[in-house]
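Before any comments, here is the structure.
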Amino acid sequence: MTQAAAQRRGGGGWHRFANPARFRRIAGAVAPWASGLAVALLLLGLALGFFVAPADYQQGETVRIMFVHVPSAWMALFCYTALAAASAASLIWKHPLADVAARAMAPIGAVFTAQALITGALWGQPMWGTWWVWDARLTSVLVLLFLYLGYMALWQAIEDPAKAAKACAILAIVGFVNVPIIKFSVDWWNTLHQPASVLTTEGPKIHASMLWPLLVMAAGFKAYFVAVLLLRMRTELDGARLRALESRLAAAE
Amino acid sequence: MGGFWTIVARDLLLARRQGAATLLVVVFFAMTVTLFPLGIGPERVVLARIASGVVWVAALLATLIALDRMFQADHEDGTLEQLLLAGPALELVVLAKALAHWLSSGLPLILAAPVMALSLHMDARGLLVLLAAMGLGTPILSLVGAIGAALTVGLRRGGVLITLLVLPLYLPVLIFGVGGTEAAILDTSIRPHLLLLGAGLLGAIALTPWAAAAALRLALE
């Protein structure tokens with residue numbers, strides 16, 4: 001799908017954003033706001049988490065790790081969902097920016113997943129007395145990390161970017177069956193890891209003084225995700241443009 | 001459907017004539033299982049405890065061996081393109097290839113599994129459940145493996161990549177497969193584990209050919 005083809009469709013709906021120049025303009029306008037918002041929210045969230053939220057009566061000060069751990073785990077799942085959605089958009093509508101977005105999202109998601117695992121280990125050592133337990137949920141987050149790594153490896157293994165994009169899109173959608181298994185694995189296997197306590201049908205089970213820092217951090221991570229995603233997508237588009245110019249130059253010589 | 005069985009028969013013939021591919025898979029399986037008593041020690045109780053897990057892990061790895069050849073040889077000599085042009089729907093080709101892969105690697109593993117499980121002191125009830133679970137689970141491995149094989153067809157280092165792509169997707173099979181035998185040992189209901197594996201198999205039959213066929217079309221563009 002080329003820029004011209006996107007314009008032939010009248011530029012309606014999502015294809016309005018398929019034009020790289022227009023995307024670049026919008027991204028350029030949004031990115032500073034997203035970055036600023038991310039910094040502000042993360043600072044506020046950390047301040048709330050460190051100084052306002054009380055220490056837990058069972059977990060003590062260690063509970064503060066949760067303000068990074070839980071939003072990271074949410075982001076790990078969110079990024080993979082977004083990755084699969086972008087992949088589906090790329091396969092179904094052949095949206096050119098969806099490929100770029102999917103490719104740009106994968107490393108961000110991988111980092112959040114790694115962060116969830118590392119902070120989880122740091123929390124587990126004082127709480128459970130061990131860095132790692134082979135509990136279903138921990139294991140499935142580890143598997144999620146492997147899914148991200150496999151996705152990125154496949155992208156690097158295929159030379160033709162258009163083919164790589166499609167193959168990776170198929171892989172992302174196939175891997176997506178794993179995401180609900182992760183979410184509901186707590187209920188299925190219900191082992192050491194505590195069951196979900198924020199999104200339950202009876203409403204949040206944790207106190208507001210702890211819920212707020214959590215939500216602010218989560219919003220901060222989301223803003224960070226948007227800022228970094230836009231940056232990576234712009235870099236990706238610049239790279240594609242550079243490659244096109246180089247090949248044109250090579251052809252002219 | 002005529003073309004379907006032709007492909008199955010052809011792949012089986014190729015597997016038989018291309019130098020004992022099936023034997024290789026079974027020997028790899030037996031060797032892997034043998035490593036565990038050597039690594040862990042010969043205590044009867046310990047081995048009986050880990051038997052089902054060891055057999056499943058070895059089976060998982062053994063099915064990977066023949067996976068990278070599922071489409072690779074046909075891609076290299078152009079057969080795959082002919083199949084795309086003149087054969088049955090590519091989804092059926094994938095199903096046929098996965099069935100042939102299962103018949104030449106999954107089924108022999110199920111036949112070899114009792115010997116290996118008994119050598120690890122698994123009891124009779126656990127063994128029956130293990131075989132039932134493997135009967136339902138190993139076809140899933142072939143079907144899901146077909147996606148990995150189709151995605152990496154034509155890549156230079158596809159074999160290594162398949163492992164990274166496919167093993168995470170194999171995990172639910174391992175969990176429910178081992179869960180069934182565990183339940184038999186602990187004398188709880190084995191039904192949910194086998195039902196989940198059966199559901200997984202039906203889902204895999206219905207869905208994986210689409211993904212693998214899409215990946216193949218991409219490779220043949």
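No experiment lies behind these values; they were computed from the predicted model shown. Within every chain, numbering begins at 1; the chains are lettered A, B, ... in the order of the sequence lines, protein sequences first and strands thereafter. Values below: all heavy atoms of this structure, side chains included; hydrogens, waters and symmetry mates excluded.
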Those residues of residues 228-237 of chain A that come under 4.5 Å of chain B on a heavy-atom basis, listed by number, are none

In short, side-chain hydrogen bond (donor to acceptor under 3.5 Å, both in side chains) pairs touching residues 152-161 of chain A with sequence neighbours left out are E159(A)-R156(B)

Let me know if [X] has heavy atoms under 4.5 Å from chain A in its side chain, its backbone, both or neither.
X: L161(B); result: side chain
X: L171(B); result: side chain
X: A219(B); result: backbone

Can we say [X] and [Y] salt-bridge, meaning some charged N sits less than 4.0 Å from an Asp/Glu carboxylate O?
X: D74(B); Y: R10(B); answer: yes
X: D11(B); Y: R69(B); answer: no
X: K94(A); Y: D99(A); answer: no

For residues 77-94 of chain B, the salt bridge (charged side-chain N to carboxylate O under 4.0 Å, His left out) pairs (sequence neighbours left out) are E91(B)-R217(B)

Whether the side chain of [X] engages the backbone of [Y] through a donor-acceptor N/O pair (distance < 3.5 Å, no angle test) should be reported.
X: S90(A); Y: A86(A); answer: no
X: H69(A); Y: A116(A); answer: yes
X: T208(B); Y: I205(B); answer: no
X: H101(B); Y: T63(B); answer: yes

Cut-off 4.5 Å, heavy atoms of chain B, and the answer for L171(A) is both

**Q.** Check: F225(A) ring centre within less than 6.0 Å of F78(A) ring centre
**A.** yes

Residues 36-56 of chain B vs chain A, non-hydrogen distance cutoff under 4.5 Å, contacting residues -> none

Once the angle between the rings of F176(A) and Y80(A) is folded into 0 to 90°, is it parallel (under 30°), tilted (30 to 60°) or perpendicular (over 60°)? parallel

